[in-house]
Every structure is written in C-alpha cells, then in structure tokens.
Enquirer: 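Can you keep this structure in mind? I'll have questions shortly.
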Number of protein chains: 2
Amino acid sequence: MVDSEDKLDSELISGDELVKIFDALSHPMRIKIMATLKEHRQHVSELARMVNISRPLLYMHLQKLESAKLVKSSMEISEGGKAMKFYAAVEFEILVNPKLLTAASESIQE
Amino acid sequence: MVDSEDKLDSELISGDELVKIFDALSHPMRIKIMATLKEHRQHVSELARMVNISRPLLYMHLQKLESAKLVKSSMEISEGGKAMKFYAAVEFEILVNPKLLTAASESIQE
DNA sequence: AACACATGTAATAATATTATTACATGTGAA
DNA sequence: TTCACATGTAATAATATTATTACATGTGTT
C-alpha cells in the first residue's frame, strides 16, 4: 500500500460528482480552506480562526467540501480529554478539459 | 501558428479566474452546453433547441461560460441576411489538484 | 463555581442564482 | 402583410446559497 489510501480516483468520478466538485471549489473561501488544510490538518475551531470566519459558517463550507469528497473528517479525543473534530485535505488530481466535460455530460441525470 | 489561437492558458489563470471557471462548470446544464458546443459551434436559437431550454435561460448560462472564457461568441450574417450569434467552445486544459488550489489561494482578493 | 475552549445545530436574514414570461426589434419568404 | 425565425432584454418569481446570531452541551483548569 505505497500509494495514498484516500486519493480521489478521477477515473471513477461520475458527471454528477464532477459537478459537485466544481460547486465545492466555486467559492474563494473554500479554496482558502483547501489551501490551509493542505499544509496541515486542523480541528474546526482552530481552522475557523485561521481562515477568519465564524464556526457555523465554516461548518457549511466544510460540508460542501466533504460531500464532494475533497476533505475528510475524524473525531478525536485530545490528551486533555476534549473532543476535537479534525479535517484533512484529500489528495486528488483531475485533468479538466472539454473531453472530460463531454464524458461527464453523458452520465448526468436531469 | 500551429497551435490553437484561443486556447485558455492554464498557467496564466489567476485565483479569481479559477473560481469563476469552477463556478461556470458547477451546473449540469452548463456541462451539457459545453459538451454540445464541443461537437460543433451553434447559434443561440438552435442551441436552445438542442439542450431543450428557453433562450433567455440559455443566455444566462452562456454569459457565465463566456465570462469564464470557456466559450466565445461571434455575430454573423447568414446567407439569408439574418443576424445569428454563434457560440463555440474554447480549448483548455487545467490540472486541478491541491497544489493548484494553494497557488490560486495566494492570488485571491477578499 | 466560573472560565476557557471545544462540538453541534436551529432559526433567521441577506444575497445570489436559476427560471419563466412577456415584450420589442429585424430579416426574408410566402 | 403575415409568417417563420432570428436577437436581445426587462421584470418577476422561485430556489438556493451564504452569513449571522443565539443557543445547548461537554471537558479540564483556575
């Protein structure tokens, strides 16, 4: 298992999933969140301070990113015994071009 | 000038432009429009029939795609003498991965 | 007990996006 | 002149997204 266990496989992305990914990346704050999480995983409260938005708003953005499978979360108990929810960026690589869009189009439900 | 004259150069895309591109591609109908225009350029009324939506709604979608520079338009006078506005897909290729998002993040204005 | 820090969500407000309808204009052909 | 087909947009309605505020709950430290 040399390769990363949770890399998003661009071959297996359906049209609907691709639209979800574009939607997730269509807001500047979510780009900033992805960039921040790429450096290092963070727990929600700390991440909210880092990107300078309220925690409820951050939750909303994280949910979009998570439903697009661009981040993943895990609850952990710190040494202090406090519950902390960590978010990490998922590795992925998608070559976006007209050909991909054509393929995506064929697997979209309307 | 062997290479295409209007290929979108992914090296020169700013963070704001990238967000615009993601936004343009975040709707199933716009994916369908891109796929349709990749086959062949079309004028607005014909395209509206092909993708089965109203012309005003199509205009809205086309404006988003055009402002993201994914399509381009040109007015032409047909043999019959009627004005027709043609839209064509622009060639592009963007490798989307966390590294790109980090670079984009650094050039986003908030 | 009061404080600092954590998760989580409900309710609402403010904005933006998406979609429809109706209209105005122009051309060429029947 | 009426018809078929084209562009273009204004006004509005319906939905969805984004953002804020206020709460409830739990843990460890002072």
Side-chain angles (χ1 to χ4, degrees), chain A residues 16 19-34 36-37 40-68 70-88 108-110, chain B residues 16 19-34 36-37 40-68 70-88 108-110:
Chain A
D16 299 277
V19 169
K20 247 187 170 177
I21 289 170
F22 289 140
D23 190 47
L25 297 177
S26 71
H27 192 289
M29 180 51 72
R30 291 194 288 269
I31 300 291
K32 191 174 178 180
I33 290 168
M34 287 299 293
T36 304
L37 290 181
H40 203 286
R41 67 174 205 157
Q42 299 291 348
H43 69 268
V44 177
S45 292
E46 178 64 12
L47 182 56
R49 284 187 292 265
M50 290 176 86
V51 300
N52 203 39
I53 60 174
S54 71
R55 206 161 38 82
L57 183 53
L58 177 57
Y59 268 108
M60 186 275 285
H61 287 306
L62 286 172
Q63 271 167 30
K64 284 218 161 184
L65 289 169
E66 191 165 25
S67 88
L70 298 178
V71 303
K72 56 175 186 148
S73 64
S74 59
M75 272 290 273
E76 293 180 24
I77 308 298
S78 69
E79 309 106 54
K82 285 179 187 168
M84 306 231 278
K85 188 171 193 177
F86 280 89
Y87 274 89
I108 283 177
Q109 346 281 353
E110 39 221 305
Chain B
D16 299 277
V19 169
K20 247 187 171 176
I21 290 170
F22 289 140
D23 190 46
L25 297 176
S26 71
H27 193 289
M29 180 52 71
R30 291 194 288 267
I31 300 291
K32 191 175 178 180
I33 291 168
M34 288 299 293
T36 303
L37 291 181
H40 202 285
R41 67 174 206 155
Q42 300 291 347
H43 68 267
V44 178
S45 292
E46 178 61 13
L47 182 56
R49 285 188 292 266
M50 290 175 86
V51 301
N52 203 40
I53 60 175
S54 71
R55 205 162 37 83
L57 183 52
L58 178 57
Y59 268 108
M60 186 275 284
H61 286 306
L62 285 173
Q63 271 167 31
K64 281 217 161 183
L65 289 169
E66 191 165 25
S67 90
L70 298 178
V71 301
K72 57 175 186 149
S73 65
S74 59
M75 272 291 271
E76 293 180 23
I77 309 298
S78 69
E79 309 105 56
K82 285 177 185 167
M84 306 230 279
K85 188 171 194 177
F86 280 88
Y87 275 89
I108 283 176
Q109 348 281 357
E110 41 220 303

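Below, chain A is the first sequence line, B the second, and so on; all start at residue 1.
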Enquirer: Evaluate the criterion side chain to side chain contact (heavy atoms under 4.5 Å, CB included) for residue pair I33(B) and V71(B); output intermediate values, then yes/no.
Expert: CA-CA 10 Å; I33(B) 291 168; V71(B) 301; 5.5 Å; no
Enquirer: Heavy atoms of chain A, cut-off under 4.0 Å: which first and last nucleotide of DNA chain D, 5' to 3', fall inside that, if you could look?
Expert: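 The contacted stretch runs from dT17(D) to dG28(D).
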Enquirer: For a quick check of understanding: with a heavy-atom distance under 4.0 Å over all strands, which category does K85(B) fall into, base, sugar-phosphate or nothing?
Expert: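 The answer is sugar-phosphate, as K85(B) gets under 4.0 Å only of primed atoms, P, OP1 or OP2.
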Enquirer: Short of 4.0 Å, heavy atom to strand atom, which residues of residues 54-66 of chain B count as contacting DNA chain C?
Expert: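 Within residues 54-66 of chain B, the residues near DNA chain C are S54(B), P56(B), L57(B), M60(B), H61(B), K64(B).
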Enquirer: NE2 of H43(A) versus P of dC5(C): gap in Å, rounded?
Expert: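 Taking atom P of dC5(C) as the reference, NE2 of H43(A) is at 11 Å.
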Enquirer: Identify the nucleotide, in any strand shown, that forms a Watson-Crick or G-U wobble pair with dA22(C), with both distances under 3.5 Å; if there is none, say none.
Expert: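 Looking at the geometry, dA22(C) pairs with dT9(D).
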Enquirer: Which heavy atom in R30(B) sits nearest to a heavy atom in A24(B), and how many Å separate them?
Expert: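 Here R30(B) and A24(B) meet closest at NE-O, 2.7 Å.
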Enquirer: Report yes if the side chains of S74(B) and R41(B) come closer than 4.5 Å at any heavy-atom pair, otherwise no.
Expert: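 Yes - at least one pair of side-chain heavy atoms lies under 4.5 Å apart.
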Enquirer: Can you say whether the rings of H43(A) and F86(A) are parallel (under 30°), tilted (30 to 60°) or perpendicular (over 60°)?
Expert: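 Plane angle over 60°, so perpendicular.
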Enquirer: To the nearest 0.5 Å, what is the distance between CD1 (I31(B)) and OG1 (T36(B))?
Expert: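 Here the rounded value is 11.0 Å.
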Enquirer: Under 3.5 Å for both donor-acceptor distances, Watson-Crick or wobble: does dT1(D) have a partner, and if so which one?
Expert: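 dT1(D) is paired with dA30(C).
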Enquirer: Check whether any side-chain heavy atom of L62(A) lies under 4.5 Å from a side-chain heavy atom of L47(A), and answer yes or no.
Expert: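 Counting from C-beta outward, L62(A) and L47(A) do come under 4.5 Å.
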Enquirer: With DNA chain D as reference, determine whether G81(A) or D23(A) sits nearer its 5' end, using the nearest nucleotide of each.
Expert: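 First, find each residue's nearest nucleotide; the 5'-ward one identifies D23(A).
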Enquirer: Quick check for you: to the nearest 0.5 Å, what is the distance between L58(B) atom CG and M29(B) atom CE?
Expert: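 Result: 8.5 Å between the selected atoms.
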Enquirer: Quiz question: by atom type and distance under 3.5 Å, do the side chains of S73(A) and E66(A) form a donor-acceptor pair?
Expert: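 Yes - a donor-acceptor pair under 3.5 Å links their side chains.
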